[in-house]
J.: 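Encoded as structure tokens, here's the structure I'll be asking about.
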Amino acid sequence: MSHLAARRTALAAQGFAQARPNGAVTRRHLQGVLARTQVLQLDSVNVAVRAHYAPLFSRLGNYPAGLLDEAAWSHSTRRPRMLVEYWAHVACLIPVADWPLLRWRMRAHKEHPNAYWQSAGGERLAEEVLTAVKDLGPITAGALEDELGLKVAREKARGGWWNRSDVKRTCEYLFATGELTTGTRRGFERYYDLTERVLPPEVYSAPEISGEDAARQLIAKSAAALGVATEPDLRDYYRLKPSRSQQAVADLVEEGVLEPVTVDGWRHQAYRHVDARTPRRVEARALLCPFDPLIWERDRTERLFDFFYRIEIYVPEPKRVHGYYVFPFLLGEDLVARVDLKADRAAGVLRVPGAFAEIGVDHAHVAHELAEELRLMADWLGLDGVVVGKRGDLAPRLGALV
């Protein structure tokens with residue numbers, strides 16, 4: 001398989017080979033994206049837009065963010081919950097139906113709690129938390145502390161989750177074991193609830209799936225989402241251990257779900273999902289957040305697109321090359337630019353502190369298409385316009401267009 005064919009296969013698998021909806025975006029469109037990406041990564045950074053909203057914008061265009069909120073954090077008999085939170089790639093929204101596929105991970109957390117969770121207060125505090133949540137309904141960890149009357153110092157050091165209180169750590173432990181999940185969120189604050197009250201009864205009480213069977217299903221999902229991938233790529237999608245992933249890949253090859261292929265320039269054996277398609281051409285246009293599943297595995301991104309990409313959030317500002325929160329810009333079937341973005345909600349504008357073209361691209365064409373996409377993003381975010389800064393070789397031309 002040629003390098004370009006692998007790239008087109010990957011883009012098609014992630015939904016970039018089909019046009020965005022022409023008209024109102026509905027729950028059906030959301031289901032279509034999730035059938036391709038399988039998961040949406042959660043991340044607390046809100047400098048431009050939170051990570052779970054962005055992949056839908058990249059694939060659907062201007063959609064109502066409330067559509068995802070409703071699918072993930074509310075449910076009724078008329079519109080059942082579509083998504084639930086758990087550790088998949090990392091903290092993710094996953095389809096409700098996939099919950100049983102991760103029970104082996106929940107069981108492992110319960111049987112082998114790490115030292116951090118063990119130090120939080122033990123089984124007694126866990127029982128108290130579960131009883132309180134059962135009585136009080138969806139509740140934050142902070143409110144639980146108050147309700148339980150625990151005089152725990154809530155030292156919130158900058159960015160360090162290791163400084164959370166014992167109650168918060170216990171909630172996170174119970175989340176990892178599957179006994180609690182997110183009932184709802186307000187802003188980005190998690191309200192814990194009993195999993196049995198959040199999931200449909202048929203999902204919550206579904207028969208046990210062995211770790212080996214679950215791994216095969218998860219690797220098959222990874223392969224469908226990636227199109228063509230190495231075993232480490234497939235493993236990374238749900239963060240499986242190598243031994244479990246390697247056996248699952250071997251089983252799926254034997255079953256005919258995966259086809260071993262050689263990709264030009266790739267050092268490792270690749271595998272193509274039997275249903276993957278390779279279009280003759282991809283005509284996409286999308287801003288990709290740093291945690292989009294197309295690019296979240298940086299080595300794979302470099303292999304597919306010849307695009308070296310690292311997020312610079314934790315790099316001191318004077319040492320940043322491209323900016324704090326940089327979106328690669330996909331145009332056609334190439335990553336052609338990098339755009340540092342910030343939603344300035346107070347001023348009502350989408351700020352572009354820096355815009356950088358990749359080597360060899362047509363600056364005029366890229367700037368024109370990027371300006372259109374930025375205007376679309378600003379409109380989606382409810383902002384009045386786009387303001388381009390001075391950093392980057394694409395900035396002057398882009399600024400003149402917006």
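In this chain, residues are counted from 1 in sequence order.
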J.: Is a side-chain N or O of Arg81 found less than 3.5 angstrom from the main chain of Ala72, in a donor-acceptor match?
T.: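 At least one qualifying donor-acceptor pair exists.
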J.: Do Val25 and Leu56 have side-chain heavy atoms sitting under 4.5 Å apart?
T.: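 Of all side-chain heavy-atom pairs linking Leu56 with Val25, none is under 4.5 Å.
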J.: I need the minimum non-hydrogen distance between Glu373 and Ala286, along with the two atoms involved.
T.: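 Minimum heavy-atom contact is OE2-CA, 4.0 Å.
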J.: Taking Leu370 as the fixed residue, which of Val402, Val339, Val336 is the one that meets the side chain to side chain contact (heavy atoms under 4.5 Å, CB included) rule?
T.: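 So the option named by the test is Val339.
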J.: Does the cation-pi check pass for Arg185 over Phe188, that is, NZ or CZ under 6.0 Å from the six-membered ring centre and within 45° of its axis?
T.: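 Yes, a cation-pi geometry.
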J.: Classify the side-chain pair Trp104/Glu212 by whether it contains a donor and acceptor separated by less than 3.5 Å.
T.: no
J.: Taking atom CD1 of Ile94 and atom OG1 of Thr37, what is their separation to the nearest 0.5 Å?
T.: 12.0 Å
J.: Would you say the side-chain atoms of Arg391 pair up with the backbone N or O of Gly389, donor to acceptor, closer than 3.5 Å?
T.: no
J.: Go through Arg310 and Asp299 one step at a time and tell me if the salt bridge (charged side-chain N to carboxylate O under 4.0 Å, His left out) criterion holds.
T.: CA-CA 10 Å; Arg310 298 291 185 272; Asp299 291 342; 3.7 Å; yes
J.: Short question: side chain of Arg36, backbone of Ala12 - any donor-acceptor pair under 3.5 Å?
T.: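 Checked: pair present.
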J.: Over all heavy atoms of both residues, which pair between Leu398 and Ala355 is shortest? Give the atoms and the distance, please.
T.: CD2-CB, 3.8 Å
J.: Give me each pair satisfying side-chain hydrogen bond (donor to acceptor under 3.5 Å, both in side chains) with a member in residues 247-265, each pair once, sequence neighbours excluded.
T.: Arg216-Asp251, Gln247-Asp251, Glu259-Arg272
J.: Please identify which of these residues, Tyr309, Phe308, Phe329, Phe356, meets the ring pair (Phe, Tyr, Trp, His ring centres under 6.0 Å) condition with His322.
T.: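 That would be Phe356.
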J.: Report, as yes or no, whether the 6.0 Å neighbourhood of atom CD on Glu317 holds more than 12 heavy atoms from other residues, nucleotides or ligands.
T.: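 Not more than 12 within 6.0 Å, no.
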J.: To the nearest 0.5 Å, what is the distance between OH (Tyr314) and OH (Tyr324)?
T.: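 Reported to 0.5 Å precision, the distance equals 7.0 Å.
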J.: Is the His89 ring parallel, tilted or perpendicular to the Trp296 ring (thresholds 30°, 60°)?
T.: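 Because their plane-to-plane angle is under 30°, the rings of His89 and Trp296 count as parallel.
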J.: Quick one: which of Phe57, Trp73, Phe291 gives a ring pair (Phe, Tyr, Trp, His ring centres under 6.0 Å) with His52?
T.: Trp73
J.: Rounded to the nearest 0.5 Å, what's the gap from CG on Leu226 to CG on Leu234? Could you check?
T.: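 If we round to the nearest 0.5 Å, Leu226:CG and Leu234:CG are 6.0 Å apart.
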J.: One pair to check against side-chain contact (heavy atoms from CB on, under 4.5 Å): Leu180 and Val129. What are the steps and the verdict?
T.: CA-CA 10 Å; Leu180 293 181; Val129 167; 4.2 Å; yes
J.: Looking at Lys241, is its backbone amide N or carbonyl O close enough to the side chain of Ser245 to form a donor-acceptor pair, meaning the two atoms are under 3.5 Å apart?
T.: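 It does not hold such a pair.
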J.: With a 4.0 Å cut-off on N to O distance, would you call Arg8 and Asp334 a salt bridge?
T.: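 Salt bridge: no.
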J.: Would you check, one step at a time, whether the test side-chain contact (heavy atoms from CB on, under 4.5 Å) holds for Thr170 with Leu144?
T.: CA-CA 11 Å; Thr170 299; Leu144 268 172; over 6 Å; no
J.: Look at the side chain of His3 and the backbone N and O of Arg303, then say whether any donor-acceptor pair between them is shorter than 3.5 Å.
T.: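 Side chain of His3 to backbone of Arg303: a pair is present.
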J.: Among Val261, Val257, Val249, which residue meets the side chain to side chain contact (heavy atoms under 4.5 Å, CB included) test with Tyr271?
T.: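 Testing Tyr271 for a side chain to side chain contact (heavy atoms under 4.5 Å, CB included) against Val261, Val257, Val249 leaves exactly one candidate, Val249.
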J.: Just wondering, do Pro242 and Arg235 contact through their side chains at under 4.5 Å, heavy atoms?
T.: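 Yes - at least one pair of side-chain heavy atoms lies under 4.5 Å apart.
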J.: How long is the span from the CG atom in Leu330 to the CG atom in Asp292, to the nearest 0.5 Å?
T.: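 Rounded to the nearest 0.5 Å, the CG-CG separation comes to 9.5 Å.
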J.: Hey, is Asp98 close enough to Lys221 for a salt bridge, meaning N to O under 4.0 Å?
T.: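 Yes, charged N to carboxylate O under 4.0 Å.
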J.: For Tyr325, check ring pair (Phe, Tyr, Trp, His ring centres under 6.0 Å) against everything at least two apart and list the hits.
T.: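 With neighbours one apart ignored, the set is Phe327.
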J.: Can you measure from CG (Leu42) to CG (Leu40) and round to the nearest 0.5 angstrom?
T.: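 Spacing of CG (Leu42) from CG (Leu40) equals 8.0 Å.
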J.: Test your reading of the model: is there a side-chain donor-acceptor pair from Arg7 to the backbone of Glu333, 3.5 Å cut-off?
T.: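 Checking the backbone N and O of Glu333 against the side chain of Arg7, a donor-acceptor pair under 3.5 Å is found.
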J.: Looking at Arg105 and Gly211, would you say the former's side chain and the latter's main chain have a donor-acceptor pair under 3.5 Å?
T.: no
J.: Calculate, to the nearest 0.5 Å, the distance between atoms CG and NE2 belonging to Asp362 and His368 respectively.
T.: 11.5 Å
J.: Given Glu179, which of Lys110, Lys134, Arg107 fulfils the salt bridge (charged side-chain N to carboxylate O under 4.0 Å, His left out) condition?
T.: Lys110
J.: Using a 4.5 Å cut-off on heavy atoms from C-beta on, say whether the side chain of Val253 contacts that of Pro260.
T.: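 Counting from C-beta outward, Pro260 and Val253 do come under 4.5 Å.
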J.: How far apart are the closest heavy atoms of Leu240 and Leu218, and which atoms are they?
T.: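 Taking every non-hydrogen atom into account, CD2-CD1, 4.1 Å.
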J.: Determine, step by step, whether Met377 and Val386 satisfy the side-chain contact (heavy atoms from CB on, under 4.5 Å) criterion, reporting the C-alpha distance in whole Å, the side-chain angles of both residues, the deciding distance to 0.1 Å, and the verdict.
T.: CA-CA 9 Å; Met377 177 177 267; Val386 179; over 6 Å; no
J.: Has Asp393 got a side-chain atom pairing as donor or acceptor with Ala357's backbone, closer than 3.5 angstrom?
T.: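 Between the backbone of Ala357 and the side chain of Asp393 there is a qualifying donor-acceptor contact (under 3.5 Å).
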J.: Quick check: closest heavy atoms across Ile209 and Ala214, and the distance to 0.1 Å?
T.: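 Minimum heavy-atom separation between Ile209 and Ala214: CG2-N, 3.6 Å.
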J.: Kindly indicate whether the side chain of Leu341, heavy atoms from C-beta on, has any atom under 4.5 Å from the side chain of Leu374.
T.: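 They are in contact (side-chain heavy atoms under 4.5 Å apart), so the answer is yes.
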J.: Under 4.5 Å between any side-chain heavy atoms of Val315 and Val321, yes or no?
T.: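 Side-chain contact under 4.5 Å: no.
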J.: For Arg298 and Glu302, run salt bridge (charged side-chain N to carboxylate O under 4.0 Å, His left out): C-alpha distance rounded to whole Å, both residues' side-chain angles, the deciding distance at 0.1 Å, then the answer.
T.: CA-CA 6 Å; Arg298 308 307 189 204; Glu302 190 168 3; over 6 Å; no
J.: Do Tyr63 and Pro21 touch side chain to side chain, with heavy atoms closer than 4.5 Å?
T.: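 No, side chains not in contact.
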J.: Between the main-chain N or O of Thr184 and the side-chain N or O of Thr182, is there a donor-acceptor pair closer than 3.5 Å?
T.: no
J.: Taking atom types as modelled and ignoring hydrogens, do the side chains of Tyr192 and Glu172 form a donor-acceptor contact shorter than 3.5 angstrom?
T.: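 Side-chain D/A pair, Tyr192 to Glu172: present.
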J.: What I want to find out is whether Arg186 reaches Glu189 closely enough, with some N-O distance under 4.0 Å, to be called a salt bridge.
T.: no
J.: Could you check if a side-chain atom of Gln14 sits within less than 4.5 angstrom of a side-chain atom of Arg59, using non-hydrogen atoms only?
T.: yes
J.: With no hydrogens and no angle check, is any side-chain donor or acceptor of Arg20 less than 3.5 Å from a backbone partner on Arg285?
T.: yes
J.: Are the charged groups of Glu312 and Arg320 less than 4.0 angstrom apart, N to O?
T.: no
J.: Working note: Tyr86 + Thr181, criterion side-chain contact (heavy atoms from CB on, under 4.5 Å); need CA distance, chi angles, decisive distance, verdict.
T.: CA-CA 8 Å; Tyr86 193 63; Thr181 189; over 6 Å; no
J.: Quick one: list whatever passes side chain to side chain donor-acceptor pair (under 3.5 Å) with Asp69, sequence neighbours left out.
T.: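 Scan of Asp69 (side chain to side chain donor-acceptor pair (under 3.5 Å), adjacent residues dropped) gives Tyr53.
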J.: Mind listing the closest non-hydrogen atom pair of Ala88 and Val39 along with its distance?
T.: CB-CG1, 4.2 Å
J.: State, yes or no, whether a side-chain contact exists between Leu383 and Val349 at a heavy-atom distance under 4.5 Å.
T.: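 No, their side chains stay 4.5 Å or more apart.
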